[in-house]
Asks: 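One structure coming up, written as structure tokens, with questions to follow.
Since this is a predicted model, take the numbers as computed values, not measurements.
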Amino acid sequence: MRLEPCYYCSSTIWPGHGIQFVRNDCKIFRFCRSRCHRAFKKKWNPRKSRWTKAHRKFTGKDLTTDSTFEFEKRRNEPVKYSRELWQDTVKAMEKIGEIRTKRERHHIMKRLRQGTLDRKAADLREVRDYIHLVRAPNATKPMEEIEMVQKAMAKRDEAGELLTKIGTTVSTTKKLSALRRRAPKIEVTMETSDAEQAME
């Protein structure tokens, strides 16, 4: 039983199925269904039809170069029948099919991973370019906000040192220490955007 590939979409044609067209120069074209036959008669390019194997290879969605494709080539050479040879051939076909499936899966995951990284980079670029739409018009710049926070922290530390120097009572000292424990810790991180680096 020989399985033929469709000339247009490269899908499998089983015996008793499909359409066969013989040209004047005796070249045989086999099609899996009338859709492929109609596209061939209209002289459509298979690489421009999104549902063909040629389009998937052309756009990089499927593997194009792999050592497993060498086994699919037709070899019109007569081979003497041997039971052991047939058994070994069937086993090799199964093994090659597993290897090819594994490589195709790896290729697809690699392609999807690159798409995820590209989308994340595009999102970060969009946030960086259009941050002025999100920030309020009366809001201060990031550097001014950082300076204001640093000044507030310095004032709070100075006030605490003055109270301890004056000599407060035990109760006020306890209250002060309790307030310091409750006060949230503020951490300042300096980040500069690409635009600010270019201006510098």
Asks: Could you measure the distance from the CZ atom of R111 to the OG1 atom of T116? Nearest 0.5 Å is fine.
Replies: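 The OG1 atom of T116 is 10.5 Å from CZ of R111, to the nearest 0.5 Å.
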
Asks: Sequence neighbours left out, cut at 3.5 Å: what donor-acceptor pairs do the side chains of residues 97-109 make with other protein atoms?
Replies:
| unit_1 | atom_1 | unit_2 | atom_2 | d |
| --- | --- | --- | --- | --- |
| R100 | NE | E104 | OE2 | 3.4 |
| R100 | NH1 | E72 | OE2 | 2.1 |
| T101 | OG1 | G97 | O | 2.8 |
| R103 | NH1 | D66 | OD1 | 3.0 |
| R103 | NH1 | D66 | OD2 | 3.1 |
| R103 | NH1 | S67 | OG | 3.2 |
| H107 | NE2 | G60 | O | 3.2 |

Asks: To the nearest 0.5 Å, what is the distance between NE2 on H55 and CG on N45?
Replies: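 Reported to 0.5 Å precision, the distance equals 10.0 Å.
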
Asks: Would you say S49's side chain and T52's backbone share a donor-acceptor pair under 3.5 angstrom?
Replies: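 Side chain of S49 to backbone of T52, a donor-acceptor pair under 3.5 Å: no, none is there.
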
Asks: Rounded at 0.5 Å granularity, tell me how far CD1 in I19 sits from OH in Y7.
Replies: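 Rounded to the nearest 0.5 Å, the CD1-OH separation comes out at 15.5 Å.
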
Asks: In Å, rounded to the nearest 0.5 Å, how long is the span from CG of L117 to CG of L112?
Replies: 11.0 Å

Asks: Could you state the interatomic distance from CG (D129) to CZ (R125), rounded to the nearest 0.5 Å?
Replies: 8.0 Å

Asks: Are side-chain heavy atoms of T12 and C6 found at a separation under 4.5 Å?
Replies: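 Result no, sub-4.5 Å side-chain heavy-atom pair not found.
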
Asks: Taking the side chain as C-beta and beyond, is there a heavy-atom pair between I13 and L3 under 4.5 Å?
Replies: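 A side-chain contact under 4.5 Å is absent here.
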
Asks: Evaluate whether atom CH2 of W51 has more than 12 neighbouring non-hydrogen atoms of other residues, nucleotides or ligands under 6.0 angstrom away.
Replies: yes

Asks: Would you be so kind as to tabulate the donor-acceptor pairs closer than 3.5 Å made by side chains of residues 20-42, with sequence neighbours excluded?
Replies:
| unit_1 | atom_1 | unit_2 | atom_2 | d |
| --- | --- | --- | --- | --- |
| R23 | NE | D25 | OD1 | 3.1 |
| R23 | NH2 | D25 | OD2 | 3.1 |
| D25 | OD1 | K27 | N | 3.3 |

Asks: If you count heavy atoms of other groups shown closer than 6.0 angstrom to CD of E84, is the number above 12?
Replies: no

